[in-house]
There are 2 protein chains.
Amino acid sequence: MSMKSKTMDRRIIKSKTALKEALLLLMQKKDFNQITITEIVRHADLNRGTFYKHYPFKEELLDEIMDDVIKDLIASYREPYQNVSTFILRDLTASAIKIFHHVEKYANFYVLVVKSNALSGFYKRIGNELKQLALQDLSTYKTEDPDLNRELSASYQSYAILGMIIEWINQGFKYSSTYMAEQLLKIIHLNPVEVKVSHPTDK
Amino acid sequence: MSMKSKTMDRRIIKSKTALKEALLLLMQKKDFNQITITEIVRHADLNRGTFYKHYPFKEELLDEIMDDVIKDLIASYREPYQNVSTFILRDLTASAIKIFHHVEKYANFYVLVVKSNALSGFYKRIGNELKQLALQDLSTYKTEDPDLNRELSASYQSYAILGMIIEWINQGFKYSSTYMAEQLLKIIHLNPVEVKVSHPTDK
DNA sequence: TAAGTTAATAAACATCTGTTCATTATATTT
DNA sequence: AAATATAATGAACAGATGTTTATTAACTTA
């Protein structure tokens with residue numbers, strides 16, 4: 001667990017770390033929803049009041065764990081730029097590869113969080129449904145590339161749409177659905193015709 | 001609220017509907033986390049035991065509300081196919097447009113769920129971070145199309161990657177990250193070079 | 001419509017939650 | 001090293017949770 005801040009009392013760091021470790025431990029065994037705060041502090045060997053001093057509820061603790069992971073994700077994404085002088089426009093590929101490495105590194109955590117219903121499902125549900133729909137399309141028509149992984153492709157396509165929807169929502173529906181459709185077309189066309197991947201120092 | 005099943009007792013339907021309406025009402029005013037089950041049944045004018053007869057916890061109730069919405073989403077996606085005889089391979093566009101209509105229809109609900117921390121953030125967080133990263137890239141280099149909405153494009157790209165990651169996780173990391181990167185390249189190349197959109201009976 | 005089935009209720013119980021407060025222990029600062 | 005600050009503790013409280021049990025009310029089907 002990262003947890004390092006100049007102005008942070010060592011006692012806080014210890015307490016928070018203990019709480020995070022306790023939660024992760026418990027999440028291996030049981031559902032996030034079933035875990036009680038009392039249980040967490042029992043495992044962390046801390047007073048219950050200490051929990052509430054730092055977090056209003058369980059979800060917040062999990063959020064902070066995610067912070068640690070996401071920090072590494074950002075670092076991973078940024079990594080390729082350091083080593084490559086020329087960057088191909090619109091090409092997220094080099095970064096994406098690093099992101100895959102990041103996920104692999106934190107595999108345990110990712111499995112835990114994705115499987116758990118801590119997310120309580122909206123994105124998960126929508127994403128899943130869209131994926132099923134895209135999948136059925138992909139299986140109906142055969143693509144020119146036999147090595148294409150249909151599952152991954154379907155997931156890519158459907159979450160991409162979900163991404164647009166979420167952006168739309170967050171912008172307060174200030175666009176018409178027709179505009180959204182137009183943008184989708186633009187985005188799809190935007191995709192790189194020629195992609196050059198940079199493989200910098202694959203450590 | 002939909003809620004219609006042949007074998008379902010009318011009392012169940014009434015109770016469940018009341019609970020759903022109560023939760024949605026409360027979610028307008030306060031955070032999902034702050035809402036107690038006692039509060040829900042108080043608004044629904046039902047015994048607390050009735051809640052527990054149908055749902056183990058709040059999240060499950062919200063899940064069922066989502067079911068109703070997602071049913072409509074699927075119907076929306078399927079709609080274009082009914083009216084169009086020839087379907088363009090790899091083209092999710094016609095369906096996607098219908099999905100935008102669906103989201104517009106349920107706008108209130110979508111806003112509620114996306115804003116609320118019922119999701120308790122993983123997808124949200126990851127998606128957001130990836131989006132910021134993609135956004136910075138897009139602003140660094142100017143695209144050929146000035147009408148392209150950068151925010152939407154960034155969200156599209158980042159959630160697409162997230163989609164692949166989630167699929168990867170759910171498959172138990174059975175692929176290498178190199179394979180993942182290869183697939184990403186394939187998927188990007190797969191994108192339709194010429195897109196024909198069918199606009200069937202835009203009701 | 002009457003009989004049989006099952007949902008909803010009320011009450012009660014142990015446990016968990018969220019909060020407060022005085023006290024003790026452990027940091028940081030000078 | 002002493003003074004100061006603040007984190008952690010333990011205890012206590014009202015309210016919420018999750019479960020059970022017997023009773024009443026509402027629905028289904030024959």
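Sequence lines set the chain letters: A, B, ... in the order given, protein chains first and strands last, and positions in each chain run from 1. All values derive from a computational prediction rather than experimental measurement.
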Quiz item: Looking at A:His54, does any N or O in its side chain come under 4.0 Å of the phosphate oxygens OP1/OP2 on D:dA8?
Solution: yes

Quiz item: Which whole-number value in Å describes the distance from A:Lys16 NZ to C:dA27 P?
Solution: 17 Å

Self-check item: Residue whose closest nucleotide on DNA chain D lies nearer the 5' end, A:Lys53 versus B:Ile35
Solution: A:Lys53

Exercise. Classify the nucleic acid contact of B:Lys14 as base, sugar-phosphate or nothing, counting any heavy atom under 4.0 Å across all strands shown.
Key: sugar-phosphate

Quiz prompt | Side chain of A:Asn47 (C-beta onward), nearest among C:dT9, D:dT9, D:dT17 | solution = D:dT9

Exercise. Just do the side chain to side chain donor-acceptor pair (under 3.5 Å) check on A:Tyr55 and A:Glu64 with the steps written out, would you?
Key: CA-CA 10 Å; A:Tyr55 310 101; A:Glu64 207 167 287; 3.0 Å; yes

Quiz item: For A:Ile13 and C:dT28, what is the distance between atoms CD1 and P respectively, to the nearest whole Å?
Solution: 8 Å

Exercise. Figure out the CZ/C1' separation between A:Arg48 and D:dA16, and round it to whole Å.
Key: 12 Å

Exercise. Measure the distance from CG on A:Asn33 to C1' on C:dT17 and round it to the nearest whole Å.
Key: 15 Å

Practice problem: Please determine if a side-chain N or O atom of B:Thr50 lies less than 4.0 Å away from the OP1 or OP2 oxygen of C:dT9. | Solution: yes

Quiz prompt | Rounded distance (Å) that lies between atom C1' of C:dG18 and atom CD of B:Glu39 | solution = 14 Å

Quiz item: Can you find a heavy atom in the side chain of B:Asn149 that is under 4.5 Å from one in the side chain of A:Tyr175?
Solution: yes

Quiz item: Just how far, in rounded Å, is P of C:dA8 from OH of B:Tyr55?
Solution: 10 Å

Quiz item: Could you state the CZ-C1' distance from B:Arg10 to D:dA25, rounded to the nearest angstrom?
Solution: 13 Å

Quiz item: In whole Å, what is the span from the CD atom of B:Gln34 to the P atom of D:dA16?
Solution: 13 Å

Quiz item: For B:Tyr52 and D:dT19, is the shortest distance between a side-chain N/O and OP1 or OP2 below 4.0 Å?
Solution: no

Exercise. Let me see the working for B:Lys29 and B:Glu39 under salt bridge (Lys or Arg N to Asp or Glu O under 4.0 Å), right down to the final yes or no.
Key: CA-CA 12 Å; B:Lys29 293 182 233 166; B:Glu39 221 171 346; over 6 Å; no

Practice problem: Between A:Lys58 and B:Leu46, name the one whose nearest nucleotide on DNA chain C is closer to the 5' end. | Solution: B:Leu46

Quiz item: Of all the choices, D:dA8, D:dT17, C:dT17, which nucleotide is nearest to the side chain of A:Thr38 once you look at every atom?
Solution: C:dT17

Quiz prompt | Any N/O donor-acceptor pair, B:Asp9 side-chain to C:dA7 base, under 3.5 Å | solution = no

Quiz prompt | Donor-acceptor under 3.5 Å (B:Ser15 side chain, B:Arg11 main chain) | solution = yes

Quiz item: Taking N and O atoms by type only, does the side chain of B:Arg11 place a donor or acceptor under 3.5 Å from a partner on the base of D:dA26?
Solution: yes

